[in-house]
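Worksheet: the structure to be examined is printed underneath.
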Number of protein chains: 2
Amino acid sequence: MELHQLRYVLAVARAGSFSRAAEDLYLAQPSLSVQIRKLEKELGIALFDRLGRRVVLTAAGEEFVAHVQQALAHLDRARAGAAAVRSLQGGRVSIGVLPSVGAGLMRCDCVWRLLPRRDGSASCSWGTGRRSR
Amino acid sequence: MELHQLRYVLAVARAGSFSRAAEDLYLAQPSLSVQIRKLEKELGIALFDRLGRRVVLTAAGEEFVAHVQQALAHLDRARAGAAAVRSLQGGRVSIGVLPSVGAGLMRCDCVWRLLPRRDGSASCSWGTGRRSR
DNA sequence: TTACGTTACGCGACCCGTAAAGATC
DNA sequence: GATCTTTACGGGTCGCGTAACGTAA
């Protein structure tokens with residue numbers, strides 16, 4: 001059971017056809033068919049009913065797909081979280097303070113709040129609402 | 001991002017060490033290290049802090065692992081669902097009825113209730129509570 | 001010096017695409 | 001006969017294990 005196989009199952013279920021799903025996936029039909037069959041063999045059940053030129057999910061396949069959709073959604077969140085962290089890490093943080101007060105602030109262990117913006121940068125706030133890029 | 005890489009991440013996070021995680025996974029340490037590093041490169045962030053001989057999750061790693069655990073849990077449910085269906089499909093259903101009443105029963109479209117048992121077989125009940133293997 | 005993580009390299013497995021065969025309408 | 005799925009085969013990628021290196025306690 002591999003991730004690409006799961007994505008293939010969702011694509012076939014959505015397209016209702018192996019050939020159309022293969023187009024959506026930019027994949028050759030035989031490769032897709034082989035992977036689906038391999039997964040079905042591993043699971044020990046049929047995910048799809050091949051009805052001539054139509055392909056529909058079996059009852060077991062419906063349940064399987066529902067779980068897989070949940071799983072892939074969580075993985076997308078995991079990836080998105082990583083991307084968000086990366087964009088913050090990649091950005092530069094410039095801090096401007098008055099020497100008179102900065103000398104004290106920069107020494108203490110402060111909790112800086114990073115608020116991500118649409119463009120990938122972030123605003124940083126601390127305490128009184130002073131802001132800096 | 002592949003499934004085995006995600007499992008490896010969870011194993012390292014749980015063990016707190018690459019070498020111990022590799023043992024748990026029945027895997028050579030170098031293979032494990034390479035896969036983790038490959039995933040980190042793909043995500044663009046560090047999942048673990050290498051502190052000498054201790055390995056701990058970064059903040060981003062913690063969040064990532066949380067999502068991954070959810071995802072893998074859903075995949076386990078998907079697999080378990082398939083296994084349940086398989087055990088029912090694989091079993092044999094034998095039906096014994098008296099000819100006098102069976103002639104009528106076997107002709108009608110009945111809803112048969114399959115109750116899975118511990119040993120993989122299932123009991124089948126219909127209407128009055130008559131049972132058959 | 002010992003233990004642990006990393007890099008280098010050869011082997012085997014697996015996925016993909018092309019081509020041919022089978023099946024269904 | 002046309003369309004779609006399946007099977008067969010060759011090529012390239014990738015994960016794994018062994019071995020050697022770097023590094024911290």
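Every chain is numbered from 1 and lettered A, B, ... according to where its sequence line falls, protein lines coming before strand lines. The shown structure was predicted, so the numbers you read here are calculated from the model rather than taken from an experiment.
Looking at residues 6-24 of chain B, you'll see S17(B), F18(B), S19(B) sit with a heavy atom under 4.0 Å from some atom of DNA chain C. Within a heavy-atom distance below 4.0 Å of DNA chain D, the residues of residues 32-41 of chain A found are S33(A), V34(A), R37(A).
By the criterion of side-chain heavy atoms lying less than 4.5 angstrom apart, applied directly or through intervening Ile, Leu, Val, Met, Phe, Trp or Tyr residues, V56(A) is not grouped with L47(A); the two fall into different hydrophobic clusters. Hydrophobic cluster membership is shared by V55(A) and L25(A), with clusters built from Ile, Leu, Val, Met, Phe, Trp and Tyr side chains linked at under 4.5 angstrom.
Counting to the nearest Å, the P atom of dG15(D) and the CD atom of Q5(B) are 6 Å from each other. Taking atom CZ of R54(A) as the reference point, atom P of dT3(D) lies 18 Å away to the nearest angstrom. Atom CZ in F48(B) sits roughly 11 Å away from atom P in dT6(C) (whole-Å rounding). The nearest whole Å value for the distance from the CG atom in L25(A) to the P atom in dC16(C) is 10 Å. What separates OH of Y26(A) from P of dG17(C) is a distance of 13 Å, to the nearest Å. The CG atom of L47(B) sits 16 Å away from the C1' atom of dG5(C) (whole-angstrom rounding). With rounding to whole Å, H4(B) atom NE2 is found 13 Å from dT13(D) atom C1'. Computed from coordinates, the E42(A) CD to dC14(C) P distance equals 11 Å when rounded to whole Å.
Note on ring orientation: taking the six-membered ring where Trp is involved, the planes of F48(B) and F18(B) are perpendicular (angle over 60°, cut-offs 30° and 60°).
Every side chain to side chain donor-acceptor pair (under 3.5 Å) that R50(A) has, sequence neighbours left out, goes to E40(A). By the ring-ring contact (aromatic ring centres under 6.0 Å, His included) test, Y8(B) is found to be paired with H4(B), residues two or more places apart in sequence or in another chain being considered.
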**Fill in**
A correct 5'-to-3' footprint of nucleotides 18-25 of chain C, with B, S and - meaning base, sugar-phosphate only and no protein heavy atom under 4.0 Å, is BB----S-
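In this structure, CG in L57(A) is found 10.5 Å from CZ in F64(A), a value given to the nearest 0.5 Å. Here the NZ-CE distance, from K38(B) to M1(B), works out to 14.0 Å after rounding to the nearest 0.5 Å.
Computed from C1' positions of five pairs at each end, the angle between the two local axes of the helix from dT1(C)-dA25(D) to dC25(C)-dG1(D) equals 30°, rounded to 10 degrees.
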